[in-house]
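One structure follows; several queries about it will come next.
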Amino acid sequence: MVKDIIEILSFLKRNVKDFLTEEELKEKLLRKKVLRVKLGIDVTGPDIHLGFAVVLRKLREFQDLGHTACLVIGDFTAKIGDPSGRSKTRPKLSDEEIKENMKKYERQIFKILDKKRTEFYYNSSWHSKLKGDEIIEIASKYTVARLLERDDFMKRYKNNLPIYLHEFLYPLFQAYDSIMIKADIELGGEDQYWNLLVGRELMKEFNLEPQIVMTMPLLIGTDGKLKMSKSYNNYIGIEEEPKEMFGKIMSIPDELIIHYFQLCTNRREEEIREFERKLKEGENPRDLKAQLAKDIVTLYHSKEKAEEAEEEFNRVFKYKELPTEIPVFYSKERNIRLVDLLVDTNLLPSKSEAKRKIKEGGVYLNGERISDIDYQVIINKEIVIKVGKRKFLKVLPG
RNA sequence: GGGCAGGUACCCAAGUGGCCAAAGGGGGCAGACUGUAAAUCUGCUGGCGUGAUGCCUUCGGAGGUUCGAAUCCUUCCCUGCCCA
């Protein structure tokens, strides 16, 4: 029994950044059969990306060991939004929008999680009922100095940027969630560490067994610099089309290959070491990245789709051929300026932009670069337009 | 409540009467090269116009002064700091 637990612990420790504390988890595993593993879900946008998937995958590991995933939907904060109207990351959402988002979310979440061992909680169901005196009670358990410990708050404070009072309260509300669902352990990205600790502290204040805190490293986004996030637009959604997913993974900087293998695939530790060695020995990073892309597409789609995506990628970017499927636009005009056509087809947003792209040599008609901004297009048969490396459109008379 | 400092394009940030569609950086896009939608280098980055020294819209909002305003004045809104 004890030996099993040690094995389980070392399994669970893979890809973990902060773990507070291993001893407590060991003790809980010995004492309880089923742990309640909490994960907070933000409902502001409908896409789950590979970064969040790192955490979800960890949660799945707990489920596979028989534990319960307790997903706390942050609909309360989403509904309140940001009164200052400044923060784009917290737009105010209606019940309908939240429901709509949740539908899409569930579909994606269960690509990773096990439905049978998942419970959903909407935190508005308790937060909306809190009375003023109860809120004060919660607030009285924590100090401003401790709230200011949070890096993000401290930075803003030092830089004379606004910190709104409700933002100060959010961590406490989030912590209160842990109390309401009696979490044994809470998971999150490493940037959540501080928030999760508040949960731990608050639980102690309410005379509950404090939750264990476990965070996963943040996945770096496709830009190679910032954490993967919707707001930085550097993310790869787990529901993206295989081709798109494949391409996006190919576009990550080479230095991130191992990082992604580690956090986004089921490759064993030894295999990853092996890849690392190959890279050092001068193996073409392109090939390993293609392997990575296949791994990930297989995980969220299928092996077949992954292979298709690879073929397509090679066709378009390696051999510079046309993609197999090109969207079609039927043009009523038979004789039109190229600039106008580019705008009409939505390939480019404005005529100025179209002229720029033509001047830059980024526009091709049937494989031929066009550099005359006054170019007239005669549409009497199929024409394939290419803008930049990735935009293709077939234009037919219609 | 009082004093002071600020609000500029997708973001950060310079500009303090005409040479401002507005420096610089980031991001984005395009090209070259390549190993790929990697890295690096180069260019572009408000809209419209037949190509440059043309027009229209944009420097928190609304008015005003001026031949001319991001820049000056009035007023309102917002943020930070200090004092109370």
Side-chain angles (χ1 to χ4, degrees), chain A residues 82-89 148 153-165 167 220-237 240-261 275 278-279 281-294 296-297 309-321 323 336-340 342-344 346-364 368-376 385-392:
Chain A
D82 190 333
S84 69
R86 274 168 194 269
S87 171
K88 289 169 203 148
T89 53
L148 273 175
F153 285 152
M154 202 56 201
K155 270 191 195 139
R156 280 153 74 182
Y157 191 66
K158 279 185 181 156
N159 291 321
N160 295 343
L161 292 169
I163 300 169
Y164 290 86
L165 207 48
E167 297 181 272
I220 308 288
T222 52
D223 60 339
K225 288 173 200 134
L226 302 166
K227 69 164 181 173
M228 184 174 284
S229 151
K230 268 167 249 172
S231 37
Y232 301 140
N233 201 21
N234 61 357
Y235 72 97
I236 303 172
E240 288 192 51
E241 288 300 309
K243 286 171 207 162
E244 194 63 17
M245 200 183 250
F246 194 97
K248 279 194 180 183
I249 296 165
M250 289 306 280
S251 82
I252 63 168
D254 292 349
E255 300 74 59
L256 255 43
I257 295 174
I258 296 300
H259 177 67
Y260 271 60
F261 265 120
F275 290 150
K278 279 187 181 166
L279 274 177
E281 286 171 3
E283 172 144 340
N284 191 338
R286 201 207 85 97
D287 299 333
L288 275 168
K289 214 192 282 182
Q291 183 60 58
L292 171 72
K294 266 196 285 183
I296 295 177
V297 176
E310 182 179 34
E311 276 170 38
E312 184 77 3
F313 186 87
N314 287 341
R315 184 177 304 129
V316 177
F317 298 109
K318 204 168 171 182
Y319 306 117
K320 313 251 184 260
E321 289 168 13
I336 185 172
R337 287 176 63 217
L338 177 56
V339 176
D340 292 322
L342 290 168
V343 176
D344 287 353
N346 278 328
L347 281 167
L348 292 170
S350 71
K351 290 182 196 176
S352 300
E353 179 70 9
K355 283 178 194 168
R356 250 176 255 134
K357 288 294 159 281
I358 295 172
K359 275 191 220 160
E360 287 166 349
V363 178
Y364 296 79
E368 198 178 324
R369 177 178 283 169
I370 305 296
S371 47
D372 173 14
I373 62 165
D374 294 320
Y375 191 88
Q376 288 281 332
I385 309 180
K386 182 185 178 195
V387 179
K389 290 192 180 85
R390 299 176 52 210
K391 283 190 208 165
F392 293 89

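In what follows, every chain begins at residue 1, and chains take the letters A, B, ... in the order their sequences are listed. Bear in mind that the values here come from a model prediction, so they are computed numbers and not experimental data.
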Taking only nitrogen or oxygen atoms into account, show me every contact under 3.5 Å that the protein makes with nucleotides 45-47 of chain B, one pair per line with its distance.
residue, atom, partner, partner atom, Å
B:G47, OP1, A:S350, OG, 2.9
B:G47, OP2, A:R356, NH2, 2.5

In whole Å, what is the span from the NZ atom of A:K355 to the P atom of B:C48?
-> 7 Å

What distance, rounded to whole Å, do you find between the two P atoms, one in B:G6 and one in B:C56?
-> 33 Å

Between B:A5 and B:G15, how far apart are the P atoms? Round to whole Å, please.
-> 15 Å

If we call it a pair only when both distances are under 3.5 Å in a Watson-Crick or G-U wobble match, what pairs with B:C10?
-> B:G26

Please state the P separation for the pair B:C48 and B:G2 - nearest whole angstrom.
-> 48 Å

Please state the C1' separation for the pair B:G24 and B:U45 - nearest whole angstrom.
-> 15 Å

Taken to the nearest whole Å, CZ/A:R156 to P/B:C81 is 12 Å

Applying side chain to side chain contact (heavy atoms under 4.5 Å, CB included) to A:R156 and not counting sequence neighbours gives A:D152, A:F153, A:L161, A:I163, A:E167

How do A:V343 and A:N233 order along RNA chain B: which one's closest nucleotide is nearer the 5' end?
-> A:N233

Quick one: salt bridge (Lys or Arg N to Asp or Glu O under 4.0 Å) partners of A:K294, sequence neighbours excluded?
-> A:E310

Quick check: does any side chain N or O of A:K320 sit under 3.5 Å from a backbone N or O of A:F317, one acting as donor and the other as acceptor?
-> yes

Between B:A22 and B:A13 - C1' atom distance, rounded Å = 12 Å

Residues forming a side-chain hydrogen bond (donor to acceptor under 3.5 Å, both in side chains) with A:K355, sequence neighbours excluded = none

Indicate, with a heavy-atom threshold strictly under 4.0 Å, whether A:I373 touches base, sugar-phosphate, or nothing.
-> sugar-phosphate

P spacing across the pair B:C10 / B:G61, given as an integer number of angstrom = 13 Å

side-chain hydrogen bond (donor to acceptor under 3.5 Å, both in side chains) against A:T222, all qualifying residues, sequence neighbours excluded | none

Show which side-chain atoms of residues 284-293 of chain A pair as donor or acceptor with protein atoms under 3.5 Å away, not counting sequence neighbours.
residue, atom, partner, partner atom, Å
A:N284, OD1, A:R286, N, 2.9
A:K289, NZ, A:M250, O, 3.1
A:K289, NZ, A:I252, O, 2.6
A:K289, NZ, A:D254, OD1, 2.9
A:Q291, NE2, A:D295, OD1, 3.0

For B:C59 versus B:C11, give the span between their C1' atoms, rounded off to a whole number of Å.
-> 15 Å

Going 5' to 3' through nucleotides 30-41 of chain B, assign each nucleotide B (protein heavy atom under 4.0 Å from a base atom), S (under 4.0 Å only from sugar-phosphate atoms) or - (no protein heavy atom that close).
-> SSS-BBBBB---

Below 4.0 Å: OP1/OP2 of B:G27 and any side-chain N or O of A:K225 | yes

Enumerate the residue pairs fulfilling salt bridge (charged side-chain N to carboxylate O under 4.0 Å, His left out) with a member in residues 223-233 of chain A, sequence neighbours excluded, ordered by first and then second residue.
-> A:D191-A:K227

For A:E360, all residues meeting salt bridge (Lys or Arg N to Asp or Glu O under 4.0 Å), sequence neighbours excluded = A:K357

Between B:G60 and B:U66, how far is it from one P atom to the other, in whole Å?
-> 23 Å

Could you list, one pair per line, each protein nitrogen or oxygen that sits under 3.5 Å from a nitrogen or oxygen of nucleotides 22-25 of chain B, together with the distance?
none

Those residues at least two apart in sequence (or on a different chain) that pass salt bridge (Lys or Arg N to Asp or Glu O under 4.0 Å) with A:K243 are none

Quick tally for nucleotides 1-8 of chain B: nucleotides whose base has a protein heavy atom under 4.0 Å get B, sugar-phosphate-only ones S, the rest -, giving --------

Under a 3.5 Å limit on both distances, the Watson-Crick or wobble mate of B:C72 is B:G64

